[in-house]
Amino acid sequence: MSTAPSTVLSLAHVSRSYRDGETAVAALDDVSLDVAAGELVAVMGPSGAGKSTLLQIAGGLEPFDSGQLYVEGRSLGGASAGTLAEARRKSIGYVFQELNLIPTLTALENVTLPLELDGTGTREAARIGRDALADVGLPDVDRRFPDQLSGGQRQRVAIARALAGPRRLLLADEPTGALDSRTGEEVLKVLRERIDAGAAGVLVTHDSRHAAWADRIVFLRDGKIVDVTDGGRA
Ligand code: ADP
């Protein structure tokens, strides 16, 4: 199977179940989803619907039982740990609810660390990192440590880290969870700008107001896509 050139993420008939004692719980059941460059898809649904499982599979963080996963046209189903790690570093930016910023590194170092781990030289990584921080509206925080930044600024640093360099798939799990509503809106605006600039995004959210930033909203229940509607940007 091949995917359209603009398709950044493609899940085809993906299923994943967990064993719970004697029974198997279907966390995802035959889910298919394509997300193109420039497109933001919001994923909503009740607790236990499979939202996090979907995002983690899309990000190459969780294995799945059947189906296909393509990121930027590359098949990742059954890929080796090394191939998955490379795809995560090169193609996939993941914003976790817990930001996972390293407290002993400056904002810039937090953004450049994954680039340097991937072999980018220090000077080039710093250039890319400063650009990424400027892109999220933080041109002046390079040397500050996470505890010297506001919650909204820390979230922006995490987004800058997720999208620094050429990565084109942005996966965000409740990225505004810990933020007040005004700061949350600012963060979504930054996400949207990055997607308008050519990335593809999947946003897991409980908040229907956040879906206003999406092109499409996918509703999950019991591991299945039960509805797809236009988002506020469609
Ligand atoms: P959501 O993010 O929508 O709350 P999840 O993807 O976390 O849903 O979970 C979907 C289903 O899979 C739930 O029934 C959950 O209990 C189950 N599940 C998720 N992760 C695991 C795991 N590591 N072990 C066992 N069951 C799991």
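Just follow the structure's listing: the first ligand is 1, and inside any ligand the first atom is 1. Values reported hereafter were calculated over all heavy atoms of this structure, with side chains retained and with hydrogens, waters and symmetry mates removed.
When hydrogens are left out, the protein atom nearest atom 27 (C) of ligand 1 is Y18 CD1, 3.2 Å; that is the closest non-hydrogen contact. Of the protein's non-hydrogen atoms, the one nearest atom 12 (O) of ligand 1 is A27 CB, 3.3 Å. Nearest non-hydrogen protein atom to atom 13 (C) of ligand 1 is G48 O, 3.7 Å.
Taking every non-hydrogen atom of V25 and a distance limit under 4.0 Å, the qualifying atoms of ligand 1 come out as 14 (O). Annotation for ligand 1: atoms under 4.0 Å from non-hydrogen atoms of P46 are 3 (O). The distance from ligand 1 to the heavy atoms of A49 drops below 4.0 Å at these ligand atoms: 1 (P), 3 (O), 8 (O). Interface of G50 with ligand 1, defined as ligand atoms under 4.0 Å from a residue heavy atom, comprises 1 (P), 3 (O), 5 (P), 6 (O), 8 (O), 10 (C).
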D29/S15 under side chain to side chain contact (heavy atoms under 4.5 Å, CB included): CA gap, chis, key distance, verdict: CA-CA 5 Å; D29 186 0; S15 295; 4.2 Å; yes
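Both the backbone and the side chain of T53 come within 4.0 Å of ligand 1, counting heavy atoms alone.
Remark: the T7 side chain and the S10 side chain contain no N/O donor-acceptor pair separated by less than 3.5 Å.
At a distance under 4.0 Å, no protein heavy atom can be found next to atom 15 (C) of ligand 1.
Distances from ligand 1 to the non-hydrogen atoms of G45 include no value under 4.0 Å.
Residues P146 and P103 share a closest heavy-atom pair of CD-O, 3.7 Å.
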